[in-house]
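What follows is a short report on a single structure.
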Number of protein chains: 2
Amino acid sequence: MARSDIKASRSTPTINDVAALAGVSKKTVSRFINNSPLVSERLRKKIAAAVAELGYVPNPQARALALRRNFLLALLYDNPNGQTVLNFQKGVLSAIRDTDLALAVRPVDRRSDLLLEDIETFLVKQRPLGVMLLPPISERDDIADLCKRLEIDYIRVGSAILDEDSRCVASNDREIVKQMIGALIAQGHKRIGFVRGPAGFRSPIEREAGFHDALREAAVKLDPDLVVLGNYRFDAGLEAGRKLLALAQRPTAVFASNDEMSAGVMHAANELAVQIPDELAVVGFDNSATATHVWPALSTVHWPIEQMGRLAAQKLVPGFVQLAPDAEELKTVIISSHIIERKSAILS
Amino acid sequence: MARSDIKASRSTPTINDVAALAGVSKKTVSRFINNSPLVSERLRKKIAAAVAELGYVPNPQARALALRRNFLLALLYDNPNGQTVLNFQKGVLSAIRDTDLALAVRPVDRRSDLLLEDIETFLVKQRPLGVMLLPPISERDDIADLCKRLEIDYIRVGSAILDEDSRCVASNDREIVKQMIGALIAQGHKRIGFVRGPAGFRSPIEREAGFHDALREAAVKLDPDLVVLGNYRFDAGLEAGRKLLALAQRPTAVFASNDEMSAGVMHAANELAVQIPDELAVVGFDNSATATHVWPALSTVHWPIEQMGRLAAQKLVPGFVQLAPDAEELKTVIISSHIIERKSAILS
DNA sequence: TTGTATGCGTTATCAT
DNA sequence: ATGATAACGCATACAA
């Protein structure tokens, strides 16, 4: 091995070893590593050979110290639907696969008084290249401002455009819900129940707006009794279903603002032996695993959260993604959802 | 502000600033930071005051460089059930909350030829304090050996003890499945279908062993037709259910090795209008979200994967966990599952 | 118990 | 285009 005549570096080779073997300075090797154009083709080759021979891998900790920045993407969320986090995470990871980047996940508590301090501590410590904010905390301007102050890039993810285009990834919830409700109306439904998401957040608002849009467009009048509040959890869906099915004039269809609540609505129907979809059509939103597990399988909106994760990562660190998407793609802000028809509601 | 008379450090304060303000050397501050006993009470107070005044936070990147070790826990997994990863992750995060530690997640592909190189590259780059291996890759000795060679602590998580006590966290799958099947037998079931997990892994083996144990103990003879192979996914459960229900002598109960497959079995029953639990009792394993979403709600084994995550983190970095568990607790290896009775099978 | 000098592996500055 | 030298912020070895 030629290694021995260099420096007897038993441990992992450093930039110095590469420089010595290639007969150049550290800085030149550094330039090579960072793809600087300021390296002649001749030296480039020599260095490449040295790197290969030594099996040199740049030390990210040292780079982090020198650059005051870690090769890390951070994912901040406040415990929304577990599937949401997981699927988003999956998208991010697929984007940074074969990359020097790592993903750090960080759950936070939006109800804590120390939320901002918490996040600041985390960001100051980890100094990630960028931060991805999942709903509902993506809606908070103070968190975005904090990132700006700390000079850390961020992407806000949501059901609507929450920031300038380069800083956000969104889905078209309002439009797709309008389409879904429209499909229900086209099937003859006139009394459509709507199980809303929790108050104070954007996605429930967007989805409800789509509901209203559809009714308005079809000139179906809104019965306030048919709109009930939920919190995106199964039990809320169950309660809402019971309430809706106890109405003197039952709805013939119910849209729940996410799949988990849809499952609750279906349970309520099962309790009363109300047949789905014959006596009650049920549709949801997310297309989570639950959607296929319930019986009958749930007709729902496919929320492209995984793709949103991939896009978020790509927009955050365009230079790093392997399959460098073309500039056009990086300008994308909205990823469209689509409707999936299964058995819980006939839509076409 | 006294800050100005120190060094006009506009940016984030470093250990030097603290040393200057407290009138001590860097090293003493370093000792203070690392809770060294070699610091007098007098200096300790002065330094604490300086730290507080400056709002000093040690730079983890610098520490990482000096210590050749990152303040990071890594979670390695090969795409098992999404819920599993998520719940485990949740447990880990709850353990390292309010800690300097961060969690990096890393999915790998166990079928790739480059699996080991992939993991090595990741570990060499990130240099985490420790790595947690989820099943099924936790079962691979070559990965454990790699960690040893790289001198990175690891914890193997599984359905059985896979390594020395200090290096693993396990659940008692065999025992709990035996109990579950026993409960079914006690309810009078004699023909019990068993949907197995994928071949080549440990958890399916353990769970099937529990099944056999129970039959043997109750002197119920095993009908090979009642054991069918699955792969932990919904479709496999559906297929298995169809197969079992097509048998001349139908089973009166079915155990599926995870909830997702149980949901599939329930679909098969629904297709044939076989009533659950009256005509067919169905039980699962995991107690995932799906278990409550299906109708009737699934009686299942609660697999304490979140607690396992917490314990894994605690065992990996006992010095870091906030709520320092007593030594006794850290010796724990097996976290017991328990049975949850819902509506899909009467168990008591 | 406390301090000094040096190292960790990289990048930035400013020469040449 | 290339290189010498000084950061980056902390920890370790060794003195005192």
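Sequence lines set the chain letters: A, B, ... in the order given, protein chains first and strands last, and positions in each chain run from 1. Nothing here was measured: the structure is a model prediction, and the numbers come from that model.
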Checking C:dT10, C:dT11, C:dG3 against the side chain of A:Lys27 (C-beta onward), the nearest is C:dT11
So, with a heavy-atom separation below 4.0 Å from DNA chain D, the residues of residues 33-41 of chain A are A:Leu38, A:Val39, A:Ser40
Exercise for review: Using a heavy-atom cut-off of under 4.0 Å over every strand shown, decide if B:Pro58 touches base, sugar-phosphate, or nothing.
Suggested key: sugar-phosphate
One should read off an interatomic distance between B:Ile152 CD1 and B:Asn70 CG, to the nearest 0.5 angstrom, of 10.0 Å
Reckon A:Arg68 touches a base, only the sugar-phosphate, or nothing at all at heavy-atom distances under 4.0 Å? sugar-phosphate
Sorted by chain and residue number, the salt bridge (charged side-chain N to carboxylate O under 4.0 Å, His left out) partners of B:Asp113 (sequence neighbours excluded) come out as none
* **Electrostatic pair A:Asp145:A:Arg140 at N-O distance under 4.0 angstrom** => no
| For A:Tyr56, which contact category applies under a 4.0 Å heavy-atom criterion: base, sugar-phosphate, or nothing? | sugar-phosphate
Picking from D:dT12, C:dG3, C:dG9, the nucleotide nearest the side-chain atoms of B:Val24 would be C:dG3
In whole angstroms, the gap separating C1' of C:dT10 from CD of A:Gln61 amounts to 11 Å
Of the listed D:dC10, D:dC8, D:dC14, the closest approach to the A:Ala66 side chain comes from D:dC8
Separation of C:dT4 atom P from B:Ile15 atom CD1, nearest Å, is 14 Å
From CG of B:Asn59 across to C1' of C:dC8 the rounded distance in Å is 13 Å
| message | One thing to verify: whether A:Glu120 and A:Arg149 come together as a salt bridge, which I'm taking to mean a side-chain N less than 4.0 angstrom from a carboxylate O. | response | yes
A:Arg127 atom CZ is separated from D:dC8 atom P, nearest whole Å, by 14 Å
Checklist entry - So, does the side chain of A:Lys26 form a donor-acceptor pair with the base of C:dT10 at under 3.5 Å? => result yes
Is there a donor-acceptor pair closer than 3.5 Å between any side-chain N or O of A:Thr99 and the backbone N or O of A:Leu101? no
Out of D:dA11, C:dT11, C:dT2, minimum distance to the side chain of A:Arg63 belongs to C:dT11
request  = Would you indicate, yes or no, if C:dT10 has its OP1 or OP2 atom less than 4.0 angstrom from a side-chain nitrogen or oxygen of A:Ser30?
outcome  = no
Taking for B:Leu65 and for B:Arg31 the nucleotide of DNA chain C with the nearest heavy atom, the one nearer the 5' end belongs to B:Arg31
Contact check, residues 43-50 of chain B vs DNA chain C, heavy-atom distance under 4.0 Å, returns B:Leu43
Whole-Å distance, A:Asn70 CG to C:dT11 P, equals 13 Å
Heavy atoms of A:Leu123 and A:Cys147 approach each other most closely as CD1-SG, 4.1 Å
Carboxylate-amine/guanidinium contact B:Asp165 B:Lys315, below 4.0 Å:
no
message = Please check: side-chain N/O of B:Asn59 versus main-chain N/O of B:Gln61, any donor-acceptor pairing under 3.5 Å?
response = yes
Which of C:dT4, D:dA4, C:dT10 is nearest the side chain of A:Ser25? It is D:dA4
Review point. Is A:Leu67 touching bases, backbone alone, or none of the nucleic acid, heavy atoms closer than 4.0 Å?
Key: sugar-phosphate
B:Arg42 atom CZ is separated from C:dT1 atom P, nearest whole Å, by 13 Å
Stems field, DNA chain C, Watson-Crick or wobble, 3.5 Å, at least 3 pairs, by first number, holds C:1-16 with D:1-16
The single option from B:Ile119, B:Asp118, B:Leu75 that satisfies side-chain contact (heavy atoms from CB on, under 4.5 Å) with B:Arg106 is B:Asp118
A:Phe32 atom CZ is separated from D:dT2 atom C1', nearest whole Å, by 16 Å
Short question: side chain of A:Glu139, backbone of A:Val157 - any donor-acceptor pair under 3.5 Å?
no
Sorted by chain and residue number, the salt bridge (charged side-chain N to carboxylate O under 4.0 Å, His left out) partners of B:Glu164 (sequence neighbours excluded) come out as B:Arg167
B:Thr121 side chain to B:Glu117 backbone, donor-acceptor under 3.5 Å
yes
A:Arg69 atom CZ is separated from C:dT10 atom C1', nearest whole Å, by 16 Å
Those residues at least two apart in sequence (or on a different chain) that pass side chain to side chain contact (heavy atoms under 4.5 Å, CB included) with B:Ala22 are B:Val24, B:Ile47, B:Ala50
